[in-house]
> 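This is the structure, below, for whatever I ask next.
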Amino acid sequence: VQLQASGGGLVQTGGSLRLTCAATGAITNINDMGWYRQAPGKERELVARISKSDDAVYAEFVKGRFSIDRDNVKKEGYLYLESLQEGDTAVYYCAAKTGVSSLVQSEYPYWGQGTQVTVSS
C-alpha cells in the first residue's frame, strides 16, 4: 500500500484547504484512514481518523473546524480544513491500517510523505 498526500499550501488565517490522500496497491482490506500532523519542534499528533464504516474521531483542538471523509471507490481520503489558525501550521500526514480500529500511531503501517500547511496572518 502506498499513500500520497496532497493539497497543502500557504493560506491566510481563516482560510481553508482540502487535503487528499490517494491510496494505491493492495488496499482492499484497509480499515482506518487517519490524518496526523507535526509542527516544528513538536511531536506528531492525531488530527482525525475515519474507519471504513465512516466512524470519525477528531482531536479536541479541531473544535469543529476540520472534517474527515473518504471515498472507498476512488480509494482516497480527505481532510477539510477550515478557519485555519497559525497554530495549525504543520506537515500533515495521512496514514492507513488494516484490522481493528485504532488511534495509536505506531499501529499504522502505511504512511504518506506529508504535505505542508502554512497559515500566516
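Atom set for the values below is all heavy atoms of this structure, side chains included, hydrogens, waters and symmetry mates excluded. Here the structure is a predicted model, which is why all the values come from computation and not from measurement.
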> Do side-chain atoms of T98 reach the backbone of I30 as a donor and acceptor pair under 3.5 angstrom?
no

> Can you list the residues that meet the side-chain hydrogen bond (donor to acceptor under 3.5 Å, both in side chains) rule with S51, with sequence neighbours excluded?
S53

> Out of curiosity, C21 SG to D71 CG, how far, rounded to the nearest 0.5 Å?
12.5 Å

> I need the Q4 CD to T20 OG1 distance, nearest 0.5 Å.
10.5 Å

> Check whether NZ of the Lys or CZ of the Arg R44 lies under 6.0 Å from the centre of the six-membered ring of Y93 and within 45 degrees of that ring's axis.
yes

> So, taking the atom named CD in Q116 and the one named OG1 in T118, what distance separates them when rounded to the nearest 0.5 Å?
4.0 Å

> Using modelled atom types and a 3.5 Å cut-off, is there a donor and acceptor pairing between side-chain atoms of R49 and backbone atoms of L103?
no

> Consider only side-chain heavy atoms of I, L, V, M, F, W and Y, link residues closer than 4.5 Å, and tell whether V91 and M33 are in one cluster.
no

> So do L17 and L84 actually touch side chain to side chain, heavy atoms under 4.5 Å?
yes

> Nearest 0.5 Å please: distance from the CD atom of Q85 over to the OG atom of S121.
12.5 Å

> Measuring only between side-chain heavy atoms, which start at C-beta, is S102 closer than 4.5 Å to K97?
yes

> Is there any disulfide (SG to SG under 2.5 Å) pair reaching into residues 34-85, and which pairs are they, with sequence neighbours excluded?
none

> Main chain of S6, side chain of T115: is a donor-acceptor contact present, judged purely on distance under 3.5 Å?
no

> Would you tell me whether N31 and S101 have side-chain atoms, one donor and one acceptor, within less than 3.5 Å of each other?
yes

> Would you check, one step at a time, whether the test salt bridge (charged side-chain N to carboxylate O under 4.0 Å, His left out) holds for R70 with D54?
CA-CA 8 Å; R70 63 193 285 172; D54 289 336; 5.2 Å; no

> How far apart are the C-alpha atoms of V100 and E107, what are their side-chain angles, what is the distance that settles it, and do they pass the side chain to side chain contact (heavy atoms under 4.5 Å, CB included) test?
CA-CA 10 Å; V100 177; E107 296 183 6; over 6 Å; no

> Do Q12 and S120 have a side chain donor and acceptor closer than 3.5 Å?
no

> Check whether Q113 reaches the backbone of A5 with its side chain - one donor and one acceptor, N or O, closer than 3.5 Å.
yes

> Working to the nearest 0.5 angstrom, can you tell me the gap between R18 CZ and E82 CD?
12.5 Å

> Strictly below 4.0 Å, N to O, side chains only: are K52 and D32 in salt-bridge contact?
no

> Please determine whether residues L46 and I50 belong to a single hydrophobic cluster, defined as Ile, Leu, Val, Met, Phe, Trp and Tyr linked transitively by side-chain heavy-atom distances below 4.5 Å.
no

> Does one hydrophobic cluster hold both V11 and L81, with members joined at side-chain heavy-atom distances below 4.5 Å?
yes

> Not counting sequence neighbours, list each pair that qualifies as a ring-ring contact (aromatic ring centres under 6.0 Å, His included) and has a residue in residues 30-82.
Y36-Y108, Y36-W111

> What distance separates R37 CZ from E43 CD, expressed to the nearest 0.5 Å?
14.0 Å

> Test L79 against every option in V47, V62, D69, V117 by the side chain to side chain contact (heavy atoms under 4.5 Å, CB included) rule and name the one that passes.
V47

